[in-house]
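Below is one structure, written out as structure tokens; the observations come after it.
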Number of protein chains: 2
Amino acid sequence: MGHSHSHDHSICIETAIAEAERLCAERGSRFTDLRRRILKMIWQGHKAVKAYDLLDQLATEGGSAKPPTVYRALDFLMEEGLVHKIESLNAYIGCPHPGDNHVSQFLICDKCETVKELSSDELTTAVMNAAKQANFAIRRQTLELHGVCANCQRNREAA
Amino acid sequence: MGHSHSHDHSICIETAIAEAERLCAERGSRFTDLRRRILKMIWQGHKAVKAYDLLDQLATEGGSAKPPTVYRALDFLMEEGLVHKIESLNAYIGCPHPGDNHVSQFLICDKCETVKELSSDELTTAVMNAAKQANFAIRRQTLELHGVCANCQRNREAA
DNA sequence: CTGGTAACGTTATGCAATAGCGTATAAACT
DNA sequence: AGTTTATACGCTATTGCATAACGTTACCAG
Ligand SMILES: [Zn+2]
Ligand SMILES: [Zn+2]
Ligand SMILES: [Zn+2]
Ligand SMILES: [Zn+2]
């Protein structure tokens, strides 16, 4: 089950929840129990999570959630900048630095499925320049790089 | 119905079909009637086209196509590099320069829905540098910039 | 004309997302 | 406290996107 890049992941989860708590309080948004549970599920690892997997997990936990329940929670979490959608996977990933106003750029390993969020200034600048050159006013961007992460390159045999 | 950036679009279509013809012949791939018809439909404009719209059009043209028929044709066209999928729209767009080995970067106008394929060297370089810095081996990229195109910015009142 | 392969048709199903409506509940005001 | 209002949540149903699995046809090589 190992994370190759081993770390105490419970800290990731706790930090994410605490940050969410803080931001929502600050903004007067309601971080309800359902929303907290779903954010926690998304943070179970560093892989993107699918909506129907969340549904299944909710079902396991006793309740009887239906699709709109999950999608509404995801919409809320996205509006608050707590999670991002990975368009090329139809899946959702927790944002490691919510609050910062930032664009999302992702490295997605096709072997171990780990998703890493980038913040490359050079990349951001290049995007803005490309848009400027075409007189194009950017409102949002989808930037998803698929390939093989450093770990999976080392451990060739894995997966 | 106007293209704002008016041009003789029949030339776009003819060029695309001719190029497809040429490339497939060169490669020994079979550019069948169905595939040609679907490529033509996708090239009806510079907007991305949805799979089920293609289905509907095929139905109109008499036949009784089912989803797999369309998706297989799309898969073929994508493998040959003749069309690209826009992940953030679940839709498909013709490639204006198939044959060139290239990555795909798109400007997508949320007003008029026009999709423009970019080839920014600076952007390509920035992507590669970002990946290199993380020791990440890129295999494919999804780079879709949404916003408002130059035309739609001029014609504020439109749409 | 026979056997192989690729394309296409057909049926069915699975996963992704939303529509529309009703109910519960929490904040905000009187 | 009682009323109002907005928000969250539950539920049923439907739509949209995509593929599985299998059968049939077209075509080419031997
Ligand atoms: Zn972690
Ligand atoms: Zn990996
Ligand atoms: Zn054109
Ligand atoms: Zn436009």
Side-chain angles (χ1 to χ4, degrees), chain A residues 20-21 23-42 47-80 82-93 113 142 144, chain B residues 20-21 24-25 27-42 47-80 82-93 113 142 144:
Chain A
E21 211 91 56
L23 281 169
C24 289
E26 199 176 298
R27 296 168 181 166
S29 308
R30 289 164 58 184
F31 193 52
T32 65
D33 179 60
L34 178 69
R35 291 164 176 177
R36 186 189 332 268
R37 278 194 294 155
I38 288 186
L39 182 58
K40 216 165 190 170
M41 286 177 198
I42 292 175
K47 303 181 183 185
V49 178
K50 314 213 102 194
Y52 275 61
D53 290 342
L54 295 170
L55 258 177
D56 291 345
Q57 274 191 256
L58 285 176
T60 306
E61 291 182 10
S64 76
K66 306 294 182 217
T69 304
V70 168
Y71 282 104
R72 277 189 295 240
L74 287 172
D75 286 344
F76 172 87
L77 295 173
M78 283 193 289
E79 266 164 38
E80 299 294 332
L82 299 169
V83 310
H84 300 296
K85 178 176 182 185
I86 307 292
E87 297 282 356
S88 56
L89 296 175
N90 290 321
Y92 303 82
I93 186 85
E113 297 172 70
T142 301
E144 302 169 4
Chain B
E21 211 91 55
C24 289
R27 297 168 181 166
S29 308
R30 290 165 60 183
F31 193 52
T32 65
D33 180 60
L34 178 69
R35 290 163 177 178
R36 186 190 330 268
R37 278 196 293 158
I38 288 186
L39 182 58
K40 216 165 191 171
M41 286 178 198
I42 292 175
K47 304 181 182 183
V49 178
K50 316 212 99 194
Y52 276 64
D53 290 343
L54 295 171
L55 258 177
D56 291 344
Q57 275 191 256
L58 285 177
T60 306
E61 291 182 9
S64 75
K66 307 291 185 230
T69 303
V70 167
Y71 282 105
R72 278 189 294 240
L74 287 171
D75 286 344
F76 172 86
L77 294 172
M78 284 192 289
E79 267 165 37
E80 298 295 331
L82 299 169
V83 311
H84 301 294
K85 179 175 183 185
I86 307 293
E87 297 283 356
S88 56
L89 297 176
N90 290 323
Y92 302 83
I93 186 85
E113 297 172 70
T142 300
E144 300 169 6

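Model, not experiment: these values are computed from the prediction. Just so it is clear: chains get the letters A, B, ... in the order the sequence lines come, proteins before strands, and each one is counted from 1.
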> Do you know the tightest heavy-atom contact between B:L39 and B:L82?
Replying inline: CD1-O, 4.3 Å
> What's the closest nucleotide to the B:Y71 side chain, out of D:dA20, D:dA18, C:dA16?
Replying inline: D:dA18
> If you check every side-chain atom of B:R72, which of C:dC8, C:dC15, C:dC21 has the closest atom?
Replying inline: C:dC8
> Between A:V83 and A:L74, which heavy-atom pair has the shortest distance, and what is it?
Replying inline: CG2-O, 4.3 Å
>> Nearest heavy atom decides the nucleotide; on that basis, is B:D75 or A:P68 closer to the 5' end of DNA chain D?
In response: A:P68
> Within the structure shown, what part of the strands sits under 4.0 Å from B:F31 by heavy-atom distance: base, sugar-phosphate, or nothing?
Replying inline: nothing
> Between D:dC9, D:dA18, D:dA13, which nucleotide has the shortest distance from any of its atoms to the side chain of B:N90?
Replying inline: D:dA18
>> Rounding to an integer number of Å, can you tell me how far A:L58 CG sits from D:dG10 C1'?
In response: 13 Å
> When the distance from CG of B:L89 to C1' of D:dC17 is rounded to whole Å, what number comes out?
Replying inline: 13 Å
> Under 4.0 Å between a side-chain N/O of B:K66 and OP1 or OP2 of D:dC22, yes or no?
Replying inline: no
>> Is A:K50 close enough to C:dC15 that one of its side-chain N or O atoms is under 4.0 Å from OP1 or OP2 there?
In response: no
> So does B:T69 get a side-chain nitrogen or oxygen closer than 4.0 Å to the phosphate oxygens (OP1/OP2) of C:dC8?
Replying inline: no
> Which whole-number value in Å describes the distance from A:D33 CG to D:dT7 C1'?
Replying inline: 16 Å
>> What is the distance, to the nearest angstrom, from the CG atom on A:L74 to the P atom on C:dA17?
In response: 9 Å
> Between the side chain of A:R35 and the main-chain N/O of A:L77, is any donor-acceptor distance below 3.5 Å?
Replying inline: no
> What do the steps show when you test B:M78 against B:Y92 for side chain to side chain contact (heavy atoms under 4.5 Å, CB included), and what is the final call?
Replying inline: CA-CA 9 Å; B:M78 284 192 289; B:Y92 302 83; 3.9 Å; yes
> Could you give the CG-to-P distance, from A:L55 to C:dA17, as a whole number of Å?
Replying inline: 11 Å
Polar pairs (N or O, both sides) under 3.5 Å between protein and nucleotides 5-7 of chain C?
from, atom 1, to, atom 2, distance (Å)
C:dA7, OP1, B:R35, NH1, 3.0
C:dA7, OP1, B:R35, NH2, 3.2
C:dA7, O5', B:R35, NH2, 3.3

> To the nearest angstrom, how far is A:E87 atom CD from D:dA18 atom P?
Replying inline: 12 Å
> So, B:E87 versus B:T142: side-chain donor-acceptor pair below 3.5 Å or not?
Replying inline: no
> B:Y52 has an atom OH; how far is it from atom P of C:dC15, in whole Å?
Replying inline: 15 Å
> Rounded to the nearest 0.5 Å, how far does OG1 of A:T69 lie from CG of A:L54?
Replying inline: 11.5 Å
>> Which heavy atom of B:A48 sits nearest to which heavy atom of B:I93, and what is that distance?
In response: N-CD1, 3.9 Å
